[in-house]
Student: 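Got a structure for you, questions after.
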Number of protein chains: 2
Amino acid sequence: MSDLLERLRGRGWRMTSQRRVVAEVLDGEHVHLTADEVHARAARRLPEISRATVYNTLGELVSLGEVLEVATDGRAKRYDPNAHHPHHHLVCSGCGTIRDVHPTNDPLADLPVEERFGFTVSEAEVTYRGLCPDCA
Amino acid sequence: MSDLLERLRGRGWRMTSQRRVVAEVLDGEHVHLTADEVHARAARRLPEISRATVYNTLGELVSLGEVLEVATDGRAKRYDPNAHHPHHHLVCSGCGTIRDVHPTNDPLADLPVEERFGFTVSEAEVTYRGLCPDCA
DNA sequence: TCCTACGATCGACTGAGTCCAAGTCAAGAA
DNA sequence: TTCTTGACTTGGACTCAGTCGATCGTAGGA
């Protein structure tokens, strides 16, 4: 993740302790935290960090393409730092746990022209649902 | 949609004017209204209908399997009456318009066992994103 | 027609996220 | 090193979607 900090600095991002902490919290595989969870973890290291800053920083990371926003249901969005390795999500209908998964086929190829209604289709996102071992 | 009303009555649903109006609003192809839009349209015919009733009725229709809940982004959920014909969604990143689409392949088959992490996977939902002709 | 359990209503409440005015500070300039 | 400045952060008020619960109303069976 330190290369994330490097990339951000290279893009002219002003490096502040708040931004550094948020970026560090979003480190690892299969990390899918809500904004509130990010805030809670960031606050363990930097107690005075505000919710607004966490939202701002997450929003910037998303628009820079460094983090993905995942809206699995009507509940809080989750943030996925694994943005540079295309993948989809497997969500547990019981507890909401998310795993990154890699299907063998690209669903974009499966949408015939006559089903595109003149849209310029750029992306296909698959959400698999089911029960995790604990909830089954 | 009148067969929907029949089906509901057959299931012992108590028929009230509010429920009838909500069911009638959710009629047609490519209908993807938010709860607030459903409430607004229902209120044109039945001005005193309350938001809570619309939420209750939508929730019941969803749990009866007559209507699908679609959470395309972090915004309000949308309700899709086309629940008896399996399909996926194409969403305009500009204006949020939704179309029902039918890919040629079932993505469930594309998730190998070693990518299921012990989950019992029951459903795969594809969201295609792009720009509609108006927004392009 | 009457009765009553189920459904509708209203308003207060919650949770997620946004906005804004004022204060702070990172980093380039001197 | 110190100064300067505009970008960043803060806290709190606000919005929007949705839920809850007490109370009222009525569909439909007797």
Side-chain angles (χ1 to χ4, degrees), chain A residues 5-6 8-25 32-43 45-64 66-80 96 98, chain B residues 5-6 8-26 32-64 66-80 96 98:
Chain A
L5 294 177
E6 278 317 301
L8 294 173
R9 203 188 299 269
R11 300 205 204 194
W13 230 43
R14 188 153 141 188
M15 192 49 60
T16 66
S17 51
Q18 291 83 351
R19 288 175 167 190
R20 196 191 331 273
V21 165
V22 169
E24 284 169 2
V25 163
H32 302 91
L33 300 172
T34 64
D36 257 14
E37 287 163 352
V38 172
H39 177 243
R41 296 189 186 200
R45 304 196 209 175
L46 197 63
E48 63 283 4
I49 192 170
S50 80
R51 274 179 3 110
T53 298
V54 170
Y55 276 107
N56 289 341
T57 306
L58 289 173
E60 284 155 16
L61 288 170
V62 168
S63 60
L64 289 172
E66 296 289 349
V67 163
L68 296 175
E69 223 174 50
V70 188
T72 50
D73 52 0
R75 317 214 50 86
K77 290 177 195 164
R78 292 176 176 273
Y79 293 88
D80 180 350
I98 303 181
Chain B
L5 294 177
E6 279 316 303
L8 294 173
R9 203 186 299 269
R11 298 205 204 193
W13 229 44
R14 188 152 141 190
M15 192 50 61
T16 67
S17 52
Q18 292 85 349
R19 289 175 164 193
R20 196 191 331 273
V21 166
V22 169
E24 283 168 3
V25 163
L26 284 173
H32 302 92
L33 300 173
T34 63
D36 258 14
E37 286 164 353
V38 171
H39 177 244
R41 296 191 186 197
R44 291 214 284 265
R45 305 197 208 174
L46 197 63
E48 64 282 5
I49 191 171
S50 79
R51 271 176 9 105
T53 299
V54 170
Y55 276 107
N56 289 341
T57 307
L58 289 173
E60 284 156 16
L61 288 170
V62 168
S63 58
L64 289 173
E66 295 291 347
V67 163
L68 295 176
E69 224 174 50
V70 188
T72 51
D73 52 358
R75 314 216 50 84
K77 289 177 197 165
R78 292 175 176 274
Y79 293 87
D80 180 351
I98 303 181

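Numbered from 1 within each chain, the chains take letters A, B, ... in sequence-line order. Remember, predicted model here, so these are calculated numbers, not experimental data.
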Student: Take atom CZ in Arg41(B); do more than 12 heavy atoms of anything else shown fall under 6.0 Å from it?
Tutor: no
Student: Does Thr53(A) put a side-chain nitrogen or oxygen below 4.0 Å from OP1 or OP2 of dT10(D)?
Tutor: yes
Student: How close or far is atom C1' of dA7(D) from atom CE of Met15(A), stated in whole angstroms?
Tutor: 13 Å
Student: Rounded to whole angstrom units, what separation is found between the NE2 atom of His39(B) and the P atom of dA8(C)?
Tutor: 13 Å
Student: Write down the distance between CD (Glu60(A)) and C1' (dT18(C)), rounded to a whole number of angstrom.
Tutor: 14 Å
Student: Without decimals, in angstroms, what is the distance between Leu58(B) CG and dA8(C) C1'?
Tutor: 14 Å
Student: Taking the nucleotide of DNA chain D with the closest heavy atom to each, which residue, Asp36(B) or Arg9(B), is nearer the 5' end?
Tutor: Asp36(B)
Student: Under 4.0 Å between a side-chain N/O of Tyr55(A) and OP1 or OP2 of dT18(C), yes or no?
Tutor: no
Student: Between atom CG of Leu33(B) and atom CZ of Arg78(B), what is the distance when rounded to the nearest 0.5 Å?
Tutor: 7.5 Å
Student: Quick check for you: to the nearest 0.5 Å, what is the distance between Tyr79(B) atom OH and Glu37(B) atom CD?
Tutor: 12.0 Å
Student: CH2 of Trp13(A) versus C1' of dT9(D): gap in Å, rounded?
Tutor: 13 Å
Student: Measure from CD on Glu37(A) to P on dG15(C) and round the result to the nearest Å.
Tutor: 14 Å
Student: With a 4.0 Å cut-off on heavy atoms, is Arg51(A) in touch with a base, just the backbone sugar-phosphate, or nothing at all?
Tutor: base
Student: Taking for each residue the nucleotide of DNA chain D bearing the nearest heavy atom, is the 5' side occupied by Thr57(A) or by Thr34(B)?
Tutor: Thr57(A)
Student: If you check every side-chain atom of Glu48(A), which of dT9(C), dT10(D), dG18(D) has the closest atom?
Tutor: dT10(D)
Student: Given dT9(D), is OP1 or OP2 found less than 4.0 Å from the side-chain N or O atoms of Thr16(A)?
Tutor: yes
Student: Hey, could you give me the CD/CG distance between Glu66(B) and Leu5(B), rounded to the nearest 0.5 Å?
Tutor: 10.0 Å
Student: Using heavy-atom distances to pick each residue's nearest nucleotide on DNA chain C, tell me which of Ile49(B) and Arg14(B) is more 5'.
Tutor: Arg14(B)
Student: For Arg19(A) and dA7(D), is the shortest distance between a side-chain N/O and OP1 or OP2 below 4.0 Å?
Tutor: no
Student: In Å, rounded to the nearest 0.5 Å, how long is the span from CZ of Arg19(B) to CG of Asn56(B)?
Tutor: 8.5 Å
Student: I need the CG-P distance between Leu46(A) and dC8(D), as an integer number of Å.
Tutor: 17 Å
Student: Taking 4.0 Å as the cut-off, does a side-chain nitrogen or oxygen of Gln18(B) come that near to OP1 or OP2 on dT9(C)?
Tutor: yes
Student: Expressed in angstrom and rounded to an integer, what is the separation of Asn56(B) atom CG from dA17(D) atom C1'?
Tutor: 15 Å
